[in-house]
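This report concerns only the one structure given below.
Letters A, B, ... mirror the listed sequences (proteins, then strands); counts begin at 1.
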Amino acid sequence: MVMIEPYDHSEIEKKWRENWQKDQTYTTDLTKNEKAFYCLDMFPYPSGEGLHVGHWRGYVMSDFYARYQRLQGKNVFHPMGFDAFGLPAENAAIKSETHPKEFTQRAIKTFTAQLSQMGASYDWSKKIVTSDPEYYRWTQWLFLQLFKHSLAEKRKSLVNWCPKDQTVLANEQVIDGCCERCGTVVTKKELDQWYFKTTAMAEELYGGLDGVKWPERVKTLQRNWIGKSKGANVKFSVVNSRFSIEVFTTRPDTLFGVTALVLSPEHPLVSKLTTQESNEKVEEYLEGVASKTNIDRMQAKETEKTAVFTGTYATHPLTNENIPIWLADYVLADYASGAVMCVPAHDERDYQFAKTHNLPIKQVISPTAVSDANLPYIGQGIIISSKGYNGLNSNKASENIVADLTNAAKGEQKTIYRLRDWLVSRQRYWGAPIPIVYDPDGKAYAVKDEHLPLLLPDDVDFLPGGESPIARSKEYAMRAEKLYGVGWRFETDTLDTFVDSSWYFFRYLSPTDSSQPFDKDLVKNWLPVDFYVGGIEHATLHLLYARFICRFLAKFGYIDSSIAEPFSQLFNIGMVNMHGAKMSKSKDNVVSADQLVEHYGADTLRGYELFIGPMDVEAEWNPQGVNGIHRFLIKLWKVSQSCQDIEASDENNQEFQRYLHSISQMINQHRLNTVLAQAMTFLQYLHTQPKVSKKLLENFLITLSPIFPFICEELWQKFGHDQSIGQESWPELAEVANYLELSVRINNKHVYSIPVRGDESEEETLELIKQSPPPSQKDKLLKLLEPNTRRVYKTGSFINFVVHS
RNA sequence: GCCGGGAUGGUGAAAUGGCAGACACGCAUGGUUUAGGACCAUGUGCUCGCAAGAGCGUGGAGGUUCAAGUCCUCUUCCCGGCACCA
């Protein structure tokens with residue numbers, strides 16, 4: 001075979017892009033459910049800037065596994081779509097005075113072109129766009145199902161408000177007290193908003209993490225976020241009153257150390273508990289707290305424990321002592337019951353509080369056997385000063401105290417979670433309208449099914465103004481009255497875009513089905529997703545929401561109940577940095593993929609994305625590094641030209657098998673940078689061989705095709721094959737000898753190597769050394785061969801003579 | 001403060017407890033080329049040495065082991081998450 005033309009990446013890549021599209025090479029027949037493998041990317045938000053080399057990395061990795069699994073005989077589904085609703089499009093649209101719809105469509109066009117350039121094996125026939133009415137019709141359906149099961153509800157509460165974006169934010173979207181999108185300091189505002197009751201599924205969301213193959217750090221992040229605490233509720237009745245106060249504690253064993261109850265200033269009983277004498281001081285304190293912003297509270301030194309006494313006492317449930325009731329803003333209103341029992345001796349914060357306000361401090365854990373017995377000392381120990389519980393250890397005391405409280409109806413065991421409900425209302429235009437209609441009295445009803453999709457009105461300027469822009473739509477108001485009657489009106493907030501992305505992986509399976517959101521049978525065959533690739537930034541956002549929605553759908557029978565978790569394996573791709581920082585337009589350090597593709601070709605760029613470092617670790621982009629991959633491809637092209645239609649030598653086959661063994665292991669461990677290193681080593685080996693077998697090279701090409709689909713497809717065709725290389729099978733693994741050289745060592749220091757079969761006994765090895773010792777070490781070694789020398793022998797690997805000097 | 005993850009040449013990085021630095025980038029020398037570039041060959045952890053070779057070397061200090069980048073204890077620094085969560 002003779003190929004004289006040089007490696008021309010642009011011509012080759014253009015040709016195969018067109019062929020693959022024409023032949024529908026990567027269209028998946030979803031009805032064939034045997035050996036199904038669902039390989040999913042976190043779909044992109046189509047910004048105006050297009051793709052840079054950082055975006056490529058995850059897409060290249062998922063495409064590697066999609067192609068690899070096809071070669072393993074799997075029926076692979078690898079879809080792509082666009083998370084097209086959201087603030088950036090709206091903000092960009094405001095800036096450029098175009099409609100967000102137009103802006104988004106243009107961006108999608110750019111993204112689609114760039115993604116196809118990459119040569120990723122996406123099944124474009126299943127594409128979805130979340131801002132299409134055909135899609136958000138079912139996002140609205142999803143909302144209504146949650147509404148139907150009372151897991152979507154509207155309620156008034158203090159919410160996070162971004163003054164710049166003029167919208168509320170979910171807890172998960174507030175980072176260090178600032179808006180996740182724009183960085184503006186978030187304020188609190190009391191608003192009537194829609195929530196999804198994620199807390200109703202806290203335990204399942206917590207427990208479900210045990211069964212998924214996710215990176216430990218993501219599981220830890222989610223566990224921390226859900227924040228499960230086991231403990232007890234304790235009821236303190238208020239003296240001379242019909243009220244009682246419930247507190248939650250993780251340390252019931254310290255109940256006898258309580259010297260005060262502390263309520264958050266927002267606690268509902270505050271006005272009932274405040275005595276006339278204390279009223280003025282309490283009012284003053286509450287005003288002071290209210291004027292503090294979020295940031296003030298956050299930046300307040302932990303030692304500053306401002307507080308005020310209500311004038312009222314509660315009764316200790318076991319001692320009947322009077323316990324003063326205080327208010328303090330170190331107690332959070334929205335965690336547990338918003339009230340704590342104050343045990344200054346054994347809690348850092350309670351200690352500071354008690355010191356500041358001169359409250360008694362009562363030790364109930366013996367200071368002996370505590371490593372640091374300076375007050376307050378935390379931790380478990382032997383109980384003292386606690387009546388009948390003295391002498392017990394903390395665990396046993398807790399158990400007994402909770403049992404006694406339960407019997408007396410003054411408490412119970414309780415597990416609580418830090419997770420809050422998901423706030424889904426947004427006061428913005430570019431999102432799915434919340435499908436709720438209010439009657440003239442303001443009562444909420446589901447929008448009727450036949451009125452879905454509830455389309456976004458077009459007659460609005462979408463400038464933010466503190467309420468939803470669609471509240472200003474005349475057409476929207478008229479539409480509600482026309483459909484439901486005079487005085488009826490639609491909800492005018494839109495849904496958080498994370499609702500859109502919480503179920504998109506179901507919709508890929510039947511993207512154009514107008515009769516249902518997804519096909520239950522297809523979902524059963526294809527879910528959970530086998531391999532999910534995306535960035536760590538969604539650890540507590542998208543991934544938690546998607547899990548919630550999936551569990552909801554499974555629990556109420558919308559999907560098969562066995563599908564409790566949506567993503568069985570997750571891989572977090574490491575970010576690509578430039579000059580030590582995340583690529584961003586504002587930092588002017590964005591490396592565009594387009595120019596690199598033009599200059600080196602997509603194959604080179606794909607290879608470099610994998611070669612740059614371990615896939616789960618951040619990588620620094622080195623523009624010069626790309627050359628190395630390009631040289632590799634040129635060499636591959638050359639070696640392919642020179643190969644001959646002959647049987648490969650045994651040694652060549654063995655060398656290939658060794659390569660195949662090591663990369664198979666590396667692929668399973670997602671260590672793709674070293675896969676490429678092995679490929680380079682093997683190619684260099686072939687390059688030094690006088691003759692290269694065509695058959696051997698073909699097998700090599702198959703193993704390279706998941707990384708370099710274009711050049712491998714071209715060479716495959718030049719070798720005379722009619723069908724795509726992607727339809728081939730991964731080469732068979734065969735037995736190979738593991739070692740060829742044995743290291744002879746003295747005190748573990750390598751002296752020389754001897755060639756071995758790999759299965760020699762220790763005696764045989766000693767004989768080998770005796771027969772051919774290296775001249776320089778001959779005398780020394782022969783002396784060591786005596787039987788009284790201590791030796792360590794590992795078959796086929798090394799022999800170590802231990803000499804003590 | 002609590003919970004994770006790190007620290008290996010000039011750079012990105014390899015290394016089931018078993019010859020540290022594979023594979024690349026960069027650099028150097030030579031070849032090739034009208035030139036630039038591209039390509040090919042050789043070398044490249046540090047110190048000493050013309051060399052052969054010797055010594056040192058995986059943030060630091062100890063320990064276990066015939067053998068430690070890897071395991072254990074302590075410690076320094078960096079990154080990420082949560083943060084008055086009772």
Would you say a side-chain N or O of [X] is under 4.0 Å from OP1 or OP2 of [N]?
X: A:Tyr335; N: B:rA86; value: yes
X: A:Arg631; N: B:rC39; value: yes
X: A:Arg217; N: B:rG5; value: no

**Report entry** Separation between CG of A:Leu676 and CZ of A:Phe632, rounded to the nearest 0.5 Å
**Finding:**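 Here the rounded value is 6.0 Å.
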Query raised in the report: Atom CD of A:Gln678 and atom CD1 of A:Ile663: how far apart are they, to the nearest 0.5 Å?
Result: 8.5 Å
Report task. Quick one: look up who B:rC27 pairs with, Watson-Crick or G-U, both distances under 3.5 Å, and put none if it's unpaired. Result -> B:rG43
**Report entry** Which nucleotide in B:rC19, B:rG18, B:rA86 has an atom nearest any side-chain atom of A:Val792
**Finding:**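 Between B:rC19, B:rG18, B:rA86, the one nearest the side chain of A:Val792 would be B:rG18.
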Query raised in the report: Do A:Arg658 and A:Glu655 meet the salt-bridge criterion of a basic N to acidic O distance under 4.0 Å?
Result: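 Yes, A:Glu655 and A:Arg658 are salt-bridged.
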Query raised in the report: Would you call A:Glu203-A:Lys228 a salt bridge at under 4.0 Å N-O?
Result: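 Yes, this pair counts.
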Query raised in the report: Between A:Ile634 and A:Gly628, which has a closest nucleotide on RNA chain B that is more 5'?
Result: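 The 5'-side residue here is A:Gly628.
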**Report entry** 5'-most by nearest nucleotide on RNA chain B - A:Lys749 or A:Asn673
**Finding:**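 Upstream on the strand: A:Asn673.
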Query raised in the report: Heavy atoms under 4.0 Å, any strand shown: does A:Ser229 hit a base, just sugar-phosphate, or nothing?
Result: sugar-phosphate
Report task. Scan A:Arg418 against the nucleic acid and name what it touches under 4.0 Å (heavy atoms): base, sugar-phosphate only, or nothing. Result -> base
